[in-house]
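Taking it in order: structure first as structure tokens, then the write-up.
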Amino acid sequence: MKNALQLAYLIPLFPLLGFLLNGLGRKYFSKSLIGTIGSGAILASFAVSLWVFFQVKSGNTHVAHYFNFISVGDLKIPFAFQIDQLSSLFLLIITGIGFLIHLYSTAYMHDEKPEHFGRYFAYLNLFVFSMLLLVMGANFVIMFIGWEGVGLCSYLLIGFWFRKEEYNKAASKAFIMNRIGDLAFLIALFWLINKTGTVTFLEVFSAESLSKLSDRDITVITALLFVGATGKSAQIPLYTWLPDAMAGPTPVSALIHAATMVTAGIYMIARSNVLYSMAPAVMTVIAIVGLATALLAATIALKQNDIKKVLAYSTVSQLGYMFLALGTGSYVAAVFHVMTHAFFKALMFLGSGSVIHAMGGEQDIRKMGGLSKYMKITNITFLVGCLAIAGIPGLSGFFSKDEILAGAFATSPVFYAIGLFTALLTAFYMFRLYATTFRGSFRGTHEQEHHLHESPAAMTIPLIVLAVLSIVGGYVGVPEFIAAGAHSLKDFLYPVFEPSYKILQEHHVSHETEWGLTIGSTIAILAVVIYAWTRFSKKPDLAEPQGLGKVLANKWYVDEIYDAVIVKPLNKLGALLNNIVETKVIDGIVNGVGRLVNYGGRQLRWVQSGQVGLYVLLMVLSMIVIFVLQFFFRK
Amino acid sequence: MIALLLILVPLLSGIATFFIKKEQAARSWAMLAAVVTLAVSLLGLTVLNKANYLSFHATWLPELGSSFSVGLDGMGQLLCLLTSLAFPLVFLATWRRSYPNGHSFFGWMLLAQAGLMGVFLATDALLFYFFWELALVPMYFICSRWGGERRIPVTFKFFVYTFAGSVIMLVGLLYVYFSAGNSFAMHDFYAVRLTSKEQTFLFWMFFVAFAIKMPIFPFHTWQPDTYEQSPTAATMILSGVMVKMGLLGLLRWLLPVLPISSYAWGDVASGMAVTGIIYASLIAMRQDDMKRLIAYSSIAHIGLMCITIFSEHKTGLQGVMIQMFNHGINIIGLWIIVEIIERQFGTRKMSQLGGIAQKAPVMAIFFVIIAFANIALPLTNGFIGEFLMFNGILNSTVTKYGVLLTVLAGTGIILGAVYTLGMIRKTFYGEVNELTANARDLKWNESLALTIIVAIIIVLGIYPQPVLNLTNEITDTILKNADVLSIKK
């Protein structure tokens, strides 16, 4: 009997149809029809995802095989989807939050012309489609299709307003940075094919194929895959595209930062957890890179004044946390944080969109202030997001962050200390952002003040839903030391990470220590929150930064350094090759040889310049005639 | 039968075209002929796909040991399909372009098609050489009569360069001919036993001829100039179809005939090709002329195929096969749009363009899709080819440098994204200027041609298996003949 989960293809099919319909019909459809098709497609996917989730929850997992994508020699790459605990959870996040973002977009993008409105929704649907392929793929190649697909869609959406040169550059940057990681990903795949002959997850992670891999193979493969993840999930050294990616419409930022794209790297590593657990050196590298990224991005966020930039760097920083979790073997914590982060980051991005909408396009928080009076729902929901990301007990971020930090402590107290310090920075810059934007008095123009209003329901409803999720979303992962057996997420995901548990030895931290750490960190975070709130409500940070502050405001000049070290030299090299090597050296030699022959020919007087062609042609033609004559008259 | 028709239809209709004096009539006639050729090619792939229809032998110069032997294997079928698709697409897309003395333009085009078909079909070395030259001469005439300002010196160089290559090849062919007991037949060439010393110098004679044609660094300098100066219809054929002559040469006449030297010198050839990938990509980044940019990008793409051929790996060769087809389709698509831009604005300089997407969104969509296929985005045809090729290079058993070559050639993937996205940005995005403010969108013939191309891109990107099946057998044959270890000396 066929497994009911064979129907899982419906999940990506709806967004694909939505993309085609809106893409082809954008000139003929009304905006409300476009919005309905776009959002409806994702809602339909969400419904199917829910059904799939409950199937999985009741114990039914399945690999749905559809057709052979590539079959060459011994290499067989089926087009197949793997429906299990991990993918079904991600499906819910992607389609659920994706739907809210679509709904929100119908109002947010309403000023666009129908044509561009249609284009926007088509891209958005394609984005979700790509992400679904990435998550559902039953092998690395299908995953890679989605992997590059989200890169394409981010390119299209970041550069959505393609008349602005700066946006187009940000779009290209995102794609190219991602491509660097993608190359590493591909090389890892070829290596894997070489050693195991397969790319299908279940086969690669089987004992038989793992036994074919030497330690070196595993290290190389996992390291290369991780490089791929640094591109997609914005880690050092490939993170610089993500903050620039805010050039796109704000709901797109929410989609990229919360539901799709940046979580891809975490998903991929969680999916390949067996390989990573067998490569302790790579795990350590991942933990360190994650921690360094978390810290670096948090310091930059301290001094940003663009509301979306603060959020963007906070995403980079939070992704660093997730990699820290992966690197310390807390796979569940990483996935847990993906989920809670998706709630509160989508919430805050959409909230910032609501603010920008009300401010008539203004994004500089120094020109805001006191918005709580004008936009009640946005204010409260945004505050919930800030509290959640800061890790205030009772909200979702608290549980997932605490789990990550506990795992870090078990591995190394140094990791924990840096992680906690970053958490304090996070609390600080988030409440600097909140207080500067919503508290104090309004600092914009009179005209702007007059225009301030709460956003329409299509925008506030998603905010409210996300706020509720940001509060309650953490209770699926209540830690052991608070209530035994209450971590239902861990139990649900157990089959996915079971092989890793067998490999990794468990570091045990006593419940007393955990209580101590949690209480200590909570007190510190609360103190920072109160300090930042009161300070920036009264006296917002309006002056131009000096000294270290200036370095932070300029993002440690990393973009400038990349430009000077990589981009400019490559361009110079290109110019050198183009202007000198190509024309003077290589072509010079060719022409020199030509001239020599020509000169010799002229001396012999049987070639007159310009007529060589004719001679040669005559030669060839006479050859043709001879052959043809021979052919017909020989007999 | 099919094989013979694929040559005869364009040959005879091409000759006839010279006698049709009216341009429009000649154009329609050429289109009709091209469509008939396409139909023949499709028949050969489907209902008449039987051994006795696919090959043809006639006695011809028996005292020389040569016969008129043509036949279609999987590679031949694929390349003939490409050729027979390319010409109607080119005619369709340039339907509104008028040429002085138009009838002879179309005549030469069809003769070039006949020559190309012959090259892909010949199973006799002398015949192969004959068609090799036959394909060259019409292109020479087209480029030198209907090209740009600098056409005379440029096409002269093109002709002398490639002609020099083919003369060297002829000498090589003759040497093998004498060693093979005075026979030009392909199977005798495959069976001939040559010492490794002989193979070494023969390898370089053949390789240089093919390297010029493809072209491979450093034999490429004729190419950007020629592509730039030729009328775009000819550029499409040159870059889309004609460069495949060189690749086919490697696959059919070099690897299986000279397996020892291919094994011994493959790394050197790959080294040249990989240098060319990086070199051409870096230069492409600096180009302002769209035609030159695409020309250099093509050098990089062909270089990758060349490396893959010398890595002698099953998946790699299958990748080369499908990529030969893809590259032709995709680059023709890019040229079609370049041609539209040039005809509208009188320039191909990206610095003078910009914002076209606002005025001509449909053209922009086509261009973006084709450009992304050109940089091998998954679910486009380009991905299938590049994935298989890179897999073949890294997993090659004949070279020690598989990983290094993969990484170096892989930088081409990244640089390819840099210059391709740059081209999209500079021409289609941004604000309109005086020149582009009144840009018009596609006409029906252009839309139709581009729709066909995009359909091929997507269909093969999602379901490439029919093509892979088509070339499965021939790649095995090539590998078997090229396998050094199984050859008893």
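Sequence lines set the chain letters: A, B, ... in the order given, protein chains first and strands last, and positions in each chain run from 1.
Your options are H220(B), Q318(B), R425(B), and the one with the most heavy-atom pairs under 4.5 Å with chain A is R425(B). Counting heavy-atom pairs closer than 4.5 Å to chain B, the top residue among K173(A), E165(A), E148(A), R119(A) is E148(A). Note: I145(A) leads I145(A), N68(A), L189(A), L133(A) in heavy-atom pairs under 4.5 Å with chain B. Of the residues considered (I589(A), N571(A), L570(A), T583(A)), N571(A) shows the highest number of contacts with chain B, using heavy-atom pairs under 4.5 Å. Taking I365(B), D225(B), L379(B), N395(B) one by one and counting their heavy-atom pairs under 4.5 Å with chain A, the maximum is reached by N395(B). In terms of heavy-atom pairs under 4.5 Å with chain A, the best-connected choice from I384(B), N469(B), I393(B), T155(B) is I384(B). Chain B forms the most heavy-atom pairs under 4.5 Å with one residue out of L152(A), L573(A), I187(A), and that residue is L152(A). Annotation: maximal heavy-atom pairing with chain B below 4.5 Å, among N579(A), L576(A), L183(A), occurs at L183(A). Ranked by non-hydrogen atom pairs under 4.5 Å with chain A, the options F219(B), Y296(B), F217(B) are led by Y296(B). Listed options N591(A), L75(A), I193(A) were ranked by heavy-atom pairs under 4.5 angstrom with chain B; first place goes to I193(A).
Counted by atom type alone, E582(A) and Y279(B) present one or more donor-acceptor pairs between their side chains at under 3.5 Å. With hydrogens and angles left out, the side-chain atoms of S69(B) and S67(B) include a donor and acceptor closer than 3.5 Å. Side-chain contact check for N391(B) and K314(B): no donor-acceptor pair (N or O, by modelled atom type) lies under 3.5 Å. Using a 3.5 Å distance cut-off with no hydrogens or angles, the side chains of Q287(B) and N578(A) do pair a donor with an acceptor.
M389(B) contributes atom CE, which lies 10.0 Å from atom CZ of F190(A) (distance to the nearest 0.5 angstrom).
No donor-acceptor pair under 3.5 Å is formed between the side chain of W222(B) and the backbone N or O of V160(B).
At a 4.5 Å heavy-atom cutoff, V432(B) makes no contact with chain A through either its backbone or its side chain. For E431(B), the parts sitting under 4.5 Å from any heavy atom of chain A are the backbone and the side chain alike. Heavy-atom distances place the side chain of L186(A), and not its backbone, under 4.5 Å from chain B. Only the side chain of L388(B) comes within less than 4.5 Å of a heavy atom in chain A; its backbone stays farther off. Of the atoms belonging to T411(B), it is backbone heavy atoms, and not side-chain ones, that fall under 4.5 Å from chain A. Contacts between W191(A) and chain B at a heavy-atom distance below 4.5 Å involve backbone atoms as well as side-chain atoms. With a 4.5 Å cut-off on non-hydrogen atoms, L468(B) touches chain A through its side chain but not through its backbone. Contact of L192(A) with chain B is not made at all, since no heavy-atom distance falls under 4.5 Å. Only the side chain of V141(A) comes within contact range of chain B, judged by heavy atoms closer than 4.5 Å. Looking at F387(B), the atoms closer than 4.5 Å to chain A (heavy atoms on both sides) sit in the backbone and in the side chain alike. Using a 4.5 Å cut-off between heavy atoms, F144(A) contacts chain B through both its backbone and its side chain. Using a 4.5 Å cut-off between heavy atoms, I462(B) contacts chain A through both its backbone and its side chain. In this structure, no portion of D74(A) lies under 4.5 Å from any heavy atom of chain B. Neither the backbone nor the side chain of L136(B) comes within contact range of chain A, judged by heavy atoms closer than 4.5 Å. Neither the backbone nor the side chain of Y167(A) comes within contact range of chain B; no heavy atom of the residue lies under 4.5 Å from a heavy atom of that chain.
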task = Decide yes or no on side chain to side chain contact (heavy atoms under 4.5 Å, CB included) for L408(B) and I278(B), but give the supporting numbers first.
result = CA-CA 8 Å; L408(B) 291 177; I278(B) 299 172; 4.2 Å; yes

Side chain to side chain contact (heavy atoms under 4.5 Å, CB included) between F162(A) and Q358(B), worked out = CA-CA 9 Å; F162(A) 57 76; Q358(B) 284 175 52; 3.6 Å; yes

task = Begin from the C-alpha positions of L377(B) and F175(A) and carry the test side chain to side chain contact (heavy atoms under 4.5 Å, CB included) through to its verdict.
result = CA-CA 11 Å; L377(B) 193 82; F175(A) 190 82; 4.0 Å; yes

message = Please determine whether side chain to side chain contact (heavy atoms under 4.5 Å, CB included) holds for the pair K76(A) and T198(A), giving the CA-CA distance in whole Å, both sets of side-chain angles, and the decisive distance to 0.1 Å.
response = CA-CA 7 Å; K76(A) 301 233 173 340; T198(A) 178; over 6 Å; no

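Residues L111(B) and F141(B) fail the side-chain proximity criterion, which asks for heavy atoms closer than 4.5 Å. For the pair Q465(B)/S71(A), a side-chain contact is recorded, criterion being any heavy-atom separation below 4.5 Å from C-beta on.
Between F19(A) and F129(A), the ring center distance fails the sub-6.0 Å criterion.
Qualifying side-chain hydrogen bond (donor to acceptor under 3.5 Å, both in side chains) partners for D587(A), counting only residues two or more places apart in sequence or in other chains: K157(B), T221(B).
Salt-bridge check for R26(A) with E115(A): failed, with every basic side-chain N at 4.0 Å or more from each acidic carboxylate O.
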